[in-house]
Amino acid sequence: MLVSEAIKRIRSATHDITEEYTDVECVWSLNTAVHEISAALIAGRSPFMVNSGTFADGDSIPSGFFRTAGSYRIRITGSKIKFLNDSTTMTIRYFAMPTEVTGINDDDKMPFDIEPLNELAIRIAVKQLSDENEFDISQDSAIQQELQSVLQQGLAG
């Protein structure tokens, strides 16, 4: 899904016919939603959020690095990886946050490869924008339950 399509859907869901929400506000709410979903997926140890890389002693951690996905004889200080053994390189699996949505160019895509997660991000973004304007927020608990359901389905299958 493209970011521009997600923004159109946010505006449609919030009945924003006068473009009350700027593109910047919509992108901010999408990024906030993506971070919320990502944090929940990482907490649930979802394999969707795992990356791997080969590192040398003293290399910088990659962009989006959250934590290692397993036990490694390493120490992370600041943004550097220090090996605690005599290895020259090591392949490390780690949980990573997806790159942020930055704009609405024609080719900007939503960060998740799994479409239901992008759909959920849009629903959370709508909720956040609506909450700022103090609309009825009774849908909040339903969205939280849907997030839990997606997590449980993802972890089980």
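On a predicted model such as this, the values are computed, not experimentally measured, just so you know.
Thr68 and Phe95 make their closest contact through O-CD1, 3.8 Å (heavy atoms, listed as atom of the first residue, atom of the second, distance). Heavy-atom minimum distance, Leu129 versus Tyr21: O-OH, 3.3 Å. The two residues Arg93 and Ser52 have their closest heavy-atom pair at CG-CB, 3.9 Å. In terms of heavy atoms, Ser38 sits closest to Pro98 at OG-CD, 3.1 Å. Between Leu30 and Ala121, the shortest heavy-atom contact is CD2-O, 4.3 Å. When every heavy atom of Met110 is checked against every heavy atom of Val3, the shortest pair comes out as N-CG2, 4.0 Å.
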Practice problem: Start with the C-alpha gap between Phe112 and Val34, add the side-chain angles, then the distance that decides, and say whether side-chain contact (heavy atoms from CB on, under 4.5 Å) holds. | Solution: CA-CA 8 Å; Phe112 295 115; Val34 165; 4.0 Å; yes

Exercise. Could you walk me through whether Ile37 and Leu120 pass side-chain contact (heavy atoms from CB on, under 4.5 Å), step by step?
Key: CA-CA 8 Å; Ile37 293 167; Leu120 186 58; 4.0 Å; yes

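Partners of Lys109 according to the salt bridge (Lys or Arg N to Asp or Glu O under 4.0 Å) rule, which considers only residues two or more places apart in sequence or in another chain, do not exist here. With sequence neighbours left out, the side chain to side chain donor-acceptor pair (under 3.5 Å) criterion links Glu100 to His35. With sequence neighbours excluded, no residue satisfies side chain to side chain donor-acceptor pair (under 3.5 Å) with Asn51. In this structure Lys80 satisfies the side chain to side chain donor-acceptor pair (under 3.5 Å) test together with Ser60, sequence neighbours excluded. For Arg11, the salt bridge (Lys or Arg N to Asp or Glu O under 4.0 Å) criterion is met by Asp16, Asp23, not counting sequence neighbours. Here Asn85 pairs with Arg73, Phe83, Ser87, Met90 under the side chain to side chain contact (heavy atoms under 4.5 Å, CB included) rule; sequence neighbours left out. With sequence neighbours excluded, the residues satisfying side chain to side chain donor-acceptor pair (under 3.5 Å) with Thr54 are Thr91. Applying the ring pair (Phe, Tyr, Trp, His ring centres under 6.0 Å) rule to Tyr94 yields the partners Phe65; only residues at least two apart in sequence or on another chain are considered. Thr32 meets the side chain to side chain contact (heavy atoms under 4.5 Å, CB included) test with Trp28, Gln128; sequence neighbours excluded. Ser63 pairs by the side chain to side chain contact (heavy atoms under 4.5 Å, CB included) definition with nothing, not counting sequence neighbours.
A 6.0 Å sphere centred on CZ of Arg75 holds no more than 12 heavy atoms belonging to other residues, nucleotides or ligands.
No side-chain donor-acceptor contact under 3.5 Å links Ser46 to the backbone of Ile42. Side chain of Glu5 to backbone of Leu2: no donor-acceptor contact under 3.5 angstrom is found. Under a 3.5 Å cut-off, the side chain of Asn31 and the backbone N or O of Val101 do form a donor-acceptor pair.
Note on residues 112-121: pairs passing salt bridge (Lys or Arg N to Asp or Glu O under 4.0 Å), not counting sequence neighbours, are Arg9-Glu119. Among residue pairs with one or both ends in residues 47-59, those qualifying as salt bridge (Lys or Arg N to Asp or Glu O under 4.0 Å) are Asp57-Lys82; sequence neighbours excluded.
When side chains are defined from C-beta on, Phe66 does not count as touching Met49, because their heavy atoms never get closer than 4.5 Å. Proximity of Ser4 to Asp108: side-chain heavy atoms (C-beta onward) are nowhere separated by under 4.5 Å. Proximity of Ile114 to Phe48: side-chain heavy atoms (C-beta onward) are separated by under 4.5 Å at one or more points.
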